[in-house]
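To find a chain, count down the sequence lines: A is the first, B the second, and so on, and within it residues start at 1. This structure is a prediction, so every number in the text was calculated from the model and none was measured.
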Number of protein chains: 2
Amino acid sequence: MKDVAKLAGVSASTVSRVISNDSRISNKTKKKVLKIMEELNYYPNTIARSLANNKTDTIGVIMPSYKEDIFINPFFQKALKGISLIASQHFFDILIVTNHKEESDVDVLKRIIKGKRVDGLILTRPKEDDGGIKFLKENNVPFVLIGSCLEYDDIPSVDNDNEQASYDLTALLIKKGRNKITFIGGELDSVVMKDRYKGYLRALKDYNIPFDEDYFISDKFLEKSGYYLTSRLMSLHNNLDAIIVADDLMSLGALKRLKEGEKQVPEDIMLASFNNSMLAKYANPSITSIEINSIELGRRACQKLFDIFEEKSRENKEIIDYKIIERESTSLKKGVN
Amino acid sequence: MKDVAKLAGVSASTVSRVISNDSRISNKTKKKVLKIMEELNYYPNTIARSLANNKTDTIGVIMPSYKEDIFINPFFQKALKGISLIASQHFFDILIVTNHKEESDVDVLKRIIKGKRVDGLILTRPKEDDGGIKFLKENNVPFVLIGSCLEYDDIPSVDNDNEQASYDLTALLIKKGRNKITFIGGELDSVVMKDRYKGYLRALKDYNIPFDEDYFISDKFLEKSGYYLTSRLMSLHNNLDAIIVADDLMSLGALKRLKEGEKQVPEDIMLASFNNSMLAKYANPSITSIEINSIELGRRACQKLFDIFEEKSRENKEIIDYKIIERESTSLKKGVN
DNA sequence: AAGATTAATGCAAACGGTTGCATTATAATT
DNA sequence: AATTATAATGCAACCGTTTGCATTAATCTT
């Protein structure tokens with residue numbers, strides 16, 4: 001910067017003001033300084049700027065148990081894409097925050113925040129707060145949650161209405177004339193899963209469809225879970241006519257089992273699922289699934305974070321639309337896709 | 001830091017030395033200072049440290065045309081996961097570098113590097129250099145390429161041997177008795193695609209299998225491209241018995257067309273593809289595909305970057321193993337998966 | 001016990017910018 | 001033309017660390 005200042009015959013302050021587009025600098029000097037900057041191939045040191053003005057132009061993104069995630073959830077990538085789209089419009093970059101070695105989830109937050117590495121955070125925490133949210137609240141850190149948090153309902157967040165989505169999916173099956181509708185769930189400790197369970201029950205109740213305790217069973221989000229849980233359902237109920245599955249991957253397992261059991265999908269048993277991955281689209285038959293629009297989720301979360309920066313007040317909790325993508329697995333007339 | 005220093009009755013330098021674990025500090029004071037740090041809930045300002053010692057403990061990751069990528073390539077996420085695994089072991093974080101608004105790909109590099117935001121970069125550039133690589137070389141920036149670059153063969157990189165992979169896949173089909181082997185490619189401007197074409201040709205030649213100009217056709221990496229290119233192949237050659245497809249998504253399109261044409265896979269026509277996504281695994285029939293191990297690609301790239309930091313010399317170019325995952329689409333005996 | 005080593009700590013100048021306030025140049029007013 | 005208002009620039013302190021060198025404390029020699 002000094003070099004630029006010297007060559008342009010001005011002070012460093014002036015150069016600084018040109019960089020930050022200060023209105024008080026005359027057009028003449030601005031042009032001159034910009035020319036010199038160009039000539040010298042000068043770019044300001046971002047780190048030094050950050051130190052001086054306590055701003056990093058960076059947002060941190062924290063993913064849930066990113067390291068452990070054995071099966072790689074496409075949600076991550078889509079949300080990240082949405083986030084990055086908005087961030088880049090605001091000239092911000094994205095720091096992927098990862099636990100260093102043995103570091104706990106709370107410690108990593110403290111390190112990043114107290115270390116002043118980011119201006120704000122986007123996090124995804126489907127479960128209960130482990131102390132991280134508390135820490136962020138106490139320290140007035142701008143942050144947005146993708147998903148929900150049981151302990152606090154006053155934190156800025158974007159989420160799907162998972163309960164309603166599940167309700168709609170159940171209602172769809174009911175309207176197609178099904179009345180032994182079972183549900184294969186994933187890990188039960190997530191809020192998402194609990195909401196889906198609720199929505200399912202509510203729909204059954206609203207439409208006066210019988211519910212039996214063992215209509216609802218669950219296990220991990222794996223294909224094989226889908227497979228063997230379907231086995232169990234089939235042995236428990238010889239006349240079930242619909243299965244809702246918590247994830248497309250699981251639904252493939254279910255589908256496999258149904259085919260082995262000589263059950264026709266959708267004729268004998270209809271299948272519907274969540275997350276609308278490629279797998280649902282390209283399965284045979286293709287599977288009706290809930291599109292949760294992860295890109296939009298990321299986009300809106302990031303937008304919300306900038307709203308917080310700019311102190312625009314908005315709804316604390318934003319609900320993102322989902323869509324039911326109807327496919328062959330719930331359509332009796334052939335050829336629908 | 002000053003507060004810590006005062007409370008501990010030492011100077012700021014001493015606190016700093018405790019943080020960086022300087023051997024000259026006595027155990028007694030070290031323990032004392034650490035206790036105070038704990039009590040005050042002190043974490044050092046990362047930005048200030050970076051400014052002072054010109055190190056960010058951050059690596060930048062640049063993805064190819066990340067913004068434009070309409071269909072979201074799972075490669076990104078897997079590579080990122082591999083990178084993050086290694087980075088966190090070294091107490092590094094990851095900056096996702098995105099083009100700000102109208103910013104060009106070269107400009108974003110300049111901004112990040114001259115702005116001293118990262119200690120090194122990992123990039124993925126399947127095409128020719130747009131000036132970015134040149135810039136990085138000229139400025140002695142530590143960086144590793146995932147993929148290859150035509151103009152320079154002396155830059156640190158990790159890559160698959162795409163040529164050999166394609167050779168092997170072709171040879172597999174030949175060994176299964178096929179001798180009208182066609183190839184449906186993706187975008188031709190990528191080095192990856194060119195290498196695959198070469199490998200395919202080399203295998204045909206080695207095994208004395210005839211090649212016809214129009215055995216090889218290509219278009220975008222889309223399902224519908226796979227569909228209509230297969231149509232074309234079928235109309236051009238009524239006795240083709242194998243198709244190699246550049247990507248699983250395209251192969252689904254191909255599969256659909258073959259089924260419509262009443263062709264049995266694998267009996268009439270065998271199908272083999274690249275990238276081994278979930279789609280290949282769960283297609284019906286399941287599709288033989290090349291697993292390129294993207295996580296490992298990311299991991300090794302990151303490892304290589306740290307080797308450069310530590311000035312360990314290594315092979316400049318590292319080749320990552322691929323695997324052929326054989327599935328139903330190339331297996332005449334039933335039941336193989 | 002005095003001098004010589006060695007270990008532990010402190011001082012102060014960086015690192016490369018930003019910014020409140022003072023100052024100077026320019027324009028407006030009478 | 002002198003006075004005042006306003007626009008443009010410079011000065012210098014500051015952001016929170018690190019680190020070379022100087023200094024002081026502790027230990028070792030003989």
Side-chain angles (χ1 to χ4, degrees), chain A residues 1-38 40-58 91 93 110-119 139, chain B residues 1-37 40-58 91-93 110-119 139:
Chain A
M1 190 163 100
K2 278 180 196 162
D3 298 344
V4 175
K6 200 175 294 172
L7 263 180
V10 296
S11 73
S13 328
T14 301
V15 177
S16 168
R17 290 191 175 107
V18 169
I19 292 168
S20 49
N21 217 334
D22 191 309
S23 62
R24 297 178 312 181
I25 253 64
S26 72
N27 271 329
K28 206 191 319 167
T29 42
K30 188 191 288 189
K31 216 174 286 176
K32 187 169 56 184
V33 170
L34 285 174
K35 212 185 90 204
I36 305 281
M37 279 173 42
E38 177 81 34
L40 292 194
N41 224 309
Y42 165 83
Y43 285 73
N45 181 318
T46 319
I47 299 292
R49 301 193 70 189
S50 294
L51 181 61
N53 65 14
N54 202 26
K55 227 186 145 286
T56 58
D57 286 10
T58 305
F91 304 100
D93 289 306
K110 289 187 181 168
R111 173 169 58 82
I112 294 294
I113 294 302
K114 300 237 173 185
K116 303 277 184 187
R117 294 218 53 181
V118 300
D119 295 340
N139 290 71
Chain B
M1 192 162 100
K2 280 180 192 160
D3 299 344
V4 175
K6 199 176 294 175
L7 263 180
V10 297
S11 73
S13 328
T14 302
V15 177
S16 167
R17 290 189 174 109
V18 169
I19 291 169
S20 51
N21 217 333
D22 191 308
S23 62
R24 296 177 315 181
I25 254 63
S26 74
N27 272 330
K28 207 192 316 169
T29 40
K30 188 190 289 187
K31 216 173 287 176
K32 187 169 53 186
V33 171
L34 285 174
K35 213 186 89 201
I36 306 281
M37 280 172 41
L40 292 193
N41 224 310
Y42 165 84
Y43 285 73
N45 182 318
T46 319
I47 299 291
R49 299 192 70 186
S50 294
L51 180 61
N53 66 15
N54 201 25
K55 230 187 143 284
T56 58
D57 286 9
T58 304
F91 303 100
F92 269 58
D93 289 307
K110 288 187 181 167
R111 173 170 57 83
I112 293 295
I113 294 303
K114 300 237 174 184
K116 303 277 185 187
R117 295 217 53 180
V118 300
D119 295 339
N139 291 69

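- In this structure, Asn54(B) places its CG atom 14 Å from C1' of dG17(C), rounding to the nearest Å.
- Spacing between atom CE of Met1(A) and atom P of dT19(C) amounts to 11 Å, rounded to whole angstrom units.
- Among all heavy-atom pairs drawn from Pro44(A) and Arg49(A), the shortest one is CB-CD, 4.0 Å.
- Residue Tyr42(B) places at least one side-chain N or O under 4.0 Å from the OP1 or OP2 atom of dT17(D).
- Asn45(A) has its CG atom 13 Å from the C1' atom of dC15(D), to the nearest Å.
- Per the geometry, CE belonging to Met37(A) stands 14 Å off C1' belonging to dG16(C), to the nearest Å.
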Under 3.5 Å between N/O atoms: give me all the protein pairs with nucleotides 24-27 of chain D, atom names plus distance.
none

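- Between the side chains of Lys30(A) and Asn21(A), at least one donor-acceptor pair of N or O atoms lies under 3.5 Å.
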(request) Classify every nucleotide of nucleotides 9-14 of chain D by which part a protein heavy atom approaches to under 4.0 Å, writing B for the base, S for the sugar-phosphate alone and - for neither, in 5'-to-3' order. (result) BBBB--
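- Considering all non-hydrogen atoms of both residues, Arg111(B) and Thr46(A) come closest at O-OG1, 4.4 Å.
- A donor atom on one side chain and an acceptor atom on the other are not found under 3.5 Å apart for Ser50(A) and Arg117(A).
- The line from NZ of Lys110(B) to OH of Tyr42(A) is 15.5 Å long, rounded to the nearest 0.5 Å.
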(message) Quick one, Ser16(B) with Ser13(B), criterion side-chain hydrogen bond (donor to acceptor under 3.5 Å, both in side chains). Give me CA distance, side-chain angles, the key distance, then yes/no.
(response) CA-CA 5 Å; Ser16(B) 167; Ser13(B) 328; over 6 Å; no
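- Nearest heavy atom pair, residue Ala12(B) against residue Ala5(B), reads N-CB, 3.8 Å.
- Following rounding to the nearest Å, Ile47(A) (CD1) and dT17(D) (C1') show an atom-to-atom distance of 12 Å.
- Among residues two or more places apart in sequence or in another chain, the salt bridge (Lys or Arg N to Asp or Glu O under 4.0 Å) test is passed with Lys55(B) by Asp57(B), Asp119(B).
- Atom CZ in Arg49(A) sits roughly 16 Å away from atom C1' in dC15(C) (whole-Å rounding).
- Between the OH atom of Tyr43(B) and the C1' atom of dT17(D) there is a distance of 18 Å, given to the nearest Å.
- Lys6(B) places no side-chain N or O within 3.5 Å of a backbone atom of Ser11(B) that could act as its donor or acceptor partner.
- The NZ-C1' distance, from Lys55(B) to dT19(D), rounds to 16 Å in whole Å.
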